[in-house]
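On a predicted model such as this, the values are computed, not experimentally measured, just so you know. Below, all heavy atoms of this structure are taken into account, side chains as well, without hydrogens, waters or symmetry copies.
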Amino acid sequence: MTDPDQKDSMKRLEERIEAARRAQDPKPRADEHYSAANQAWRMVIELVAGLGIGFGIGYGLDILFGTLPIFMVLFTLLGLAAGIKTMLRSAKEIQAEQMAAGPEKDERD
């Protein structure tokens, strides 16, 4: 078969090849990691969007029907409720991702 020197040199060569492959592995993309500030802004935008859409629909209905601002108040409150619901759903998604990542991805470390 082969002598021990050839086995050792083959083993060292395989280790060097593996080290070169690890060095060329792609680094994790920075844009895939969302900071806490990005997540907070996302939730704020969802809340404000719900308020804005509700206000717009209510104001439009008030103009269309010529009523007092009853639809504006009603749909603004509905928009607030929808924004809060969406915000809570986002918070649950974030929590589920953090729980799935486990304790090794704790941002406090």
Side-chain angles (χ1 to χ4, degrees):
M1 290 289 215
T2 60
D3 62 27
D5 290 335
Q6 282 183 331
K7 286 183 180 180
D8 289 339
S9 63
M10 286 297 289
K11 185 177 180 181
R12 283 183 296 206
L13 179 62
E14 288 174 359
E15 289 172 357
R16 288 176 51 199
I17 291 172
E18 184 62 31
R21 283 186 184 154
R22 275 186 264 126
Q24 291 181 353
D25 281 344
K27 304 286 188 255
R29 292 178 43 173
D31 60 347
E32 290 178 357
H33 171 72
Y34 299 109
S35 69
N38 287 344
Q39 294 169 349
W41 273 112
R42 174 184 168 194
M43 289 192 280
V44 167
I45 289 171
E46 289 170 348
L47 181 63
V48 171
L51 279 169
I53 291 170
F55 176 82
I57 291 172
Y59 184 75
L61 288 175
D62 279 334
I63 295 297
L64 182 66
F65 296 130
T67 59
L68 296 174
I70 187 71
F71 287 117
M72 184 176 66
V73 171
L74 178 68
F75 277 89
T76 300
L77 291 175
L78 288 174
L80 175 67
I84 290 173
K85 184 177 177 183
T86 305
M87 190 173 63
L88 289 174
R89 189 179 315 129
S90 295
K92 285 182 183 178
E93 285 177 14
I94 293 167
Q95 183 180 14
E97 288 174 7
Q98 288 178 350
M99 295 297 283
E104 69 271 0
K105 286 199 71 164
D106 192 5
E107 289 186 11
R108 290 177 284 175
D109 290 339

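When the shell of 6.0 Å around CD of Glu15 is examined, it contains more than 12 heavy atoms from other residues, nucleotides or ligands. Atom CG of Leu77 is surrounded by more than 12 heavy atoms from other residues, nucleotides or ligands within 6.0 Å.
Atom OG in Ser9 sits 10.0 Å away from atom CD in Glu14 (nearest 0.5 Å). For the atom pair CE (Met43) and CE (Met87), the distance works out to 7.0 Å, reported to the nearest 0.5 Å. We find the CD1-CZ distance between Ile70 and Phe75 to be 11.0 Å, quoted to the nearest 0.5 Å. To the nearest 0.5 Å, atom OG1 of residue Thr76 and atom CD1 of residue Ile57 are 10.0 Å apart. Once rounded to the nearest 0.5 Å, the distance linking OG1 of Thr86 with CZ of Arg42 reads 10.0 Å.
In terms of the side-chain contact (heavy atoms from CB on, under 4.5 Å) criterion, residue partners of Ile84 (sequence neighbours excluded) are, by chain and number, Leu47, Leu80, Leu88. Scanning for salt bridge (Lys or Arg N to Asp or Glu O under 4.0 Å) contacts around Arg89 gives an empty result, with sequence neighbours left out.
Leu51 and Leu74 are assigned to two separate hydrophobic clusters, defined by single-linkage of ILVMFWY side chains at heavy-atom distances under 4.5 Å. Linking ILVMFWY side-chain heavy atoms closer than 4.5 Å, directly or via other members, places Phe55 and Leu78 in two distinct hydrophobic clusters. Two different hydrophobic clusters hold Leu64 and Leu68 under the rule that ILVMFWY side chains link at heavy-atom gaps under 4.5 Å.
Contact annotation: the side chain of Glu18 approaches that of Arg22 to within less than 4.5 Å [non-hydrogen atoms, C-beta and beyond].
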